[in-house]
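What's counted below: heavy atoms across the whole structure, side chains too, no hydrogens, waters or symmetry copies.
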Amino acid sequence: MNTTRFEIERLEFSQQAVKSWAPREQHNTNWPVVYILDDADRGTRAWRSGVLDNVYVGETLNADKRMRQHLGSPEKQQLRTIRVIIDETFNKSVCLDLESYLIRLFAGDGTYRVLNRNDGITEADYFDRAKYRETFREVFDHLLRDGVFTRGIPEIENSDLFKLSPFKALSQDQAIAVEDILEGLFAHVKADVGSTSVIQGDPGTGKTVIGIYLIKLLVDIARSMPQDDIDGDSLFSEFFVPGYPELLRDFRIGLVVPQQSLRKSIQKVFRKTPGLSADMVMTPFEVGVADQQIDLLVVDEAHRLNQRANQPSASQNKKFQDVTEKLFGADDKTKTQLDWIRAKSKHQIFLLDAAQSVRPADVPQALLEDMVFQAQRDHRYYPLLSQMRVQAGSDYVGYIRRIFGTAPALGEPTPVAPETFDGYDFRMFDDVAEMRDQIHRKDAEGGLARMVAGYAWEWKTKNDKTAFDIQIDETQFRWNGTQVDWIASKGSLEEVGSIHTVQGYDLNYAGVIIGNDLRYDPLVKRLFIDRASYFDKKGKENNPALGKTYTDDDLLRFITNIYAVLLTRGIRGTYVYVCDPALRAHLKQFIPSDPA
């Protein structure tokens with residue numbers, strides 16, 4: 001197939017321009033095409049003064065008729081330019097795929113407010129899809145040269161705006177979960193009864209993506225009108241018919257994100273997405289003090305909600321008490337932020353992975369297990385199985401957890417057979433400087449390669465910016481210089497990120513330093529922790545409020561969870577350096593050594 005047969009016709013977004021353009025070619029009235037509408041001024045781009053351009057991407061069999069419909073839409077009155085992508089080899093499947101491809105890239109570019117609804121972006125296979133995808137790249141290159149895009153594909157795909165965008169093509173198990181959740185939610189809203197759903201999955205199965213996708217989809221359903229033109233082939237078109245939007249009028253929705261860094265990144269996405277707003281993304285404390293009840297709360301990383309424990313500041317300790325007293329009439333110390341969520345909302349969707357609990361202050365595992373049990377009993381439990389991040393296959397995450405004993409009894413000998421993962425760059429380094437250099441090379445090649453580590457070194461640079469935090473042989477590193485959006489921050493390539501800066505994020509390559517907080521006893525063949533080498537004060541703090549003292553076995557669970565999370569950030573590869581010689585020798589059975 002000749003991949004250069006497409007043409008992109010450009011015309012003014014006006015009745016007169018469309019009227020004179022339509023009769024010129026049959027393709028303009030009777031052929032599958034993809035089109036782009038935007039309002040950008042290529043000479044003085046609006047985004048430079050802080051105002052985003054608007055863009056809409058669509059596909060149609062009758063471009064003339066479709067343009068006339070758009071010209072009558074109040075939402076699109078500000079648009080100025082039409083670009084129609086025409087190729088005589090295109091069919092409906094190709095156009096749907098190109099449409100979704102361009103929507104995702106526009107959302108990730110950061111220059112636009114994407115005006116499309118989120119009624120189900122296709123990811124279906126079709127004949128010769130790989131060859132058509134070559135054409136898509138050429139279409140993108142043409143649009144980039146024309147100034148429609150401002151960044152190349154690798155830069156766009158590495159951005160948080162792309163990775164956390166609501167415009168995602170769902171995997172089969174994600175789509176099934178979304179459809180079933182919608183059906184159940186609408187049934188419960190109509191019956192005026194509460195509901196709780198649980199979405200559970202390993203790292204990289206797309207829990208955060210589903211949460212963001214669901215919220216955008218619900219907002220779009222609520223804003224839809226009977227006269228809207230809905231594509232009957234879209235995944236969730238059945239929910240845009242009369243009856244469903246009415247159930248969501250004045251329906252308040254919030255996304256609860258316990259982690260500061262991830263919360264800020266998602267707020268940035270919501271700020272750029274029509275129908276969404278940054279104040280929809282909330283802390284658990286903001287939920288607790290909200291003046292009104294919230295109809296639906298979607299809780300991302302629900303395993304990171306807090307139980308009653310010593311908070312990072314005295315004011316937060318007081319606020320925890322105040323919220324509990326406000327919601328339950330007394331300072332009941334057994335109440336957790338999970339209870340706050342339930343008290344402040346009628347419907348909840350919890351996204352969780354109990355094996356990513358990394359601090360004693362996180363809600364107890366028993367509460368999460370009980371929540372899962374109840375959701376299973378009520379047929380509102382949705383396991384995610386497809387690996388969307390790590391290009392090593394679905395078993396890589398399970399393999400990592402078996403190595404570190406986070407699946408069976410903690411610390412006990414784990415029967416693990418060494419495995420390899422074709423196409424995935426998984427290896428151990430004996431020299432941390434060599435691993436750092438390889439991370440630098442990978443970042444230069446494709447970006448988004450970073451060093452991360454367990455909290456096994458004191459954070460000296462919090463008070464002394466000239467100091468170094470991590471010293472391994474002759475190599476020195478500093479911890480992450482910011483807690484917010486560290487991965488994309490200036491200087492992050494020269495720093496080492498902690499668990500709190502990368503949990504919930506993707507990297508192309510992760511260089512993981514396993515510190516002396518985790519060790520191995522070859523005589524009893526058991527992992528153990530070194531408290532003196534674990535510097536996260538909140539990570540090993542006892543809980544006097546609840547009378548809890550955390551044993552070494554308790555901390556072993558948190559620390560091995562941390563390393564399991566760090567080792568599952570890399571999309572294309574994971575590199576490992578281990579400080580403890582005995583643990584390094586043990587792990588070499590399971591992690592290939594650097595060939596160099």
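Crowding of Lys76 atom NZ: a count of heavy atoms from other residues, nucleotides or ligands under 6.0 Å exceeding 12. More than 12 heavy atoms of other shown residues, nucleotides or ligands fall within 6.0 angstrom of atom CZ in Phe328.
Gln337 contributes a side-chain N or O that, together with a main-chain N or O of Asn306, makes up a donor-acceptor pair within less than 3.5 Å. Distance alone, capped at 3.5 Å, is enough to place a donor-acceptor pair between the Lys538 side chain and the Gln311 backbone. A donor-acceptor pair is defined here as one N or O able to donate and one able to accept, closer than 3.5 Å; no such pair exists between the side chain of Asn54 and the backbone of Asp39. Between the Glu301 side chain and the Arg304 main chain, no donor and acceptor come within less than 3.5 Å of each other. Judged by distance alone, the side chain of Gln259 and the main-chain N or O of Thr501 form no donor-acceptor pair under 3.5 Å. Without hydrogens or angle criteria, Tyr396 side chain to Thr568 main chain gives no donor-acceptor distance under 3.5 Å. Arg252 places a side-chain N or O within 3.5 Å of a backbone atom of Gln293 that can act as its donor or acceptor partner. Asn542 places no side-chain N or O within 3.5 Å of a backbone atom of Pro544 that could act as its donor or acceptor partner. Between the side chain of Lys163 and the main chain of Ser159, no donor-acceptor pair closer than 3.5 Å is present. Side chain of Asp173 to main chain of Leu385: a donor-acceptor pair is present (N/O by atom type, distance under 3.5 Å, no hydrogens or angles).
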| said: As a quick check of understanding, evaluate side-chain contact (heavy atoms from CB on, under 4.5 Å) for Gln374 and Met371, giving each step before the final call. | reply: CA-CA 5 Å; Gln374 291 182 43; Met371 185 166 66; 5.9 Å; no
| query | How far apart are the C-alpha atoms of Arg380 and Ile349, what are their side-chain angles, what is the distance that settles it, and do they pass the side-chain contact (heavy atoms from CB on, under 4.5 Å) test? | reply | CA-CA 9 Å; Arg380 307 249 56 88; Ile349 300 172; over 6 Å; no
| request: Please lay out, stage by stage, how Arg308 and Asp331 fare under the test salt bridge (Lys or Arg N to Asp or Glu O under 4.0 Å). | output: CA-CA 10 Å; Arg308 188 61 173 270; Asp331 184 22; 2.6 Å; yes
| request: Begin with the C-alpha distance, continue with both residues' side-chain angles, and end with the deciding distance and a verdict on side-chain contact (heavy atoms from CB on, under 4.5 Å) for Leu214 and Leu182. | output: CA-CA 8 Å; Leu214 264 168; Leu182 285 179; 4.1 Å; yes
| request: Apply the test side-chain contact (heavy atoms from CB on, under 4.5 Å) to residues Val219 and Met280: give CA-CA distance (whole Å), side-chain angles for both, the deciding distance (0.1 Å), then the verdict. | output: CA-CA 11 Å; Val219 167; Met280 295 174 72; 4.2 Å; yes
| request: I would like to know whether Ser492 and Arg450 meet side-chain hydrogen bond (donor to acceptor under 3.5 Å, both in side chains); could you show each step before the answer? | output: CA-CA 7 Å; Ser492 59; Arg450 298 291 182 271; 2.9 Å; yes
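A cation-pi geometry, defined here as NZ or CZ lying under 6.0 Å from the six-membered ring centre and within 45° of its normal, holds between Lys168 and Phe162.
Side chains of Asn118 and Asp220: no donor on one and acceptor on the other come within 3.5 Å. Side-chain contact annotation: Tyr563 with Asp517, donor-acceptor N/O pair under 3.5 Å present. With no hydrogens or angles considered, no side-chain donor-acceptor pair links Thr482 and Ser489 at under 3.5 Å. Looking at Gln321 and Asn317, their side chains never bring a donor and an acceptor atom within 3.5 Å of each other.
The aromatic rings of Tyr550 and Phe558 sit perpendicular to each other, their planes meeting at more than 60°, with 30° as the lower class boundary. Ring pair His347/Phe251 is tilted by interplanar angle, where 30° to 60° counts as tilted. Taking the six-membered ring where tryptophan is involved, the planes of Phe236 and Phe239 are tilted, since the angle between them lies from 30° to 60°.
For Arg389 and Asp506, the salt-bridge test passes: some basic side-chain N is under 4.0 Å from an acidic carboxylate O. Between Arg401 and Asp353, at least one side-chain nitrogen of the basic residue sits less than 4.0 Å from a carboxylate oxygen of the acidic one, meeting the salt-bridge criterion. Using a 4.0 Å cut-off between a side-chain N of Lys or Arg and a carboxylate O of Asp or Glu, Asp469 and Lys460 do not qualify as a salt bridge. Using a 4.0 Å cut-off between charged side-chain N and carboxylate O, Asp109 and Lys272 make no salt bridge. The pair Arg402-Asp395 counts as a salt bridge, with a side-chain nitrogen and a carboxylate oxygen less than 4.0 angstrom apart.
The distance from the CG atom of Leu276 to the CD1 atom of Ile212 is 9.0 Å, given to the nearest 0.5 Å. Once rounded to the nearest 0.5 Å, the distance linking OG of Ser498 with CG of Asp536 reads 8.0 Å. For the atom pair Leu164 CG and Asp300 CG, the distance stands at 9.0 Å (nearest 0.5 Å). Here OH of Tyr534 is found 7.0 Å from CG of Leu555. Values are rounded to the nearest 0.5 Å. Here the straight-line distance linking atom CE of Met388 with atom NZ of Lys207 works out to 12.0 Å at 0.5 Å rounding. Taken from CZ in Arg569 to CG in Leu448, the straight-line distance is 12.0 Å, to the nearest 0.5 Å.
Side-chain atoms of Val289 and Phe285, non-hydrogen and from C-beta on, never get closer than 4.5 Å to each other.
Exactly one residue among Lys326, Lys319, Lys318 makes a salt bridge (Lys or Arg N to Asp or Glu O under 4.0 Å) with Asp322. That residue is Lys318.
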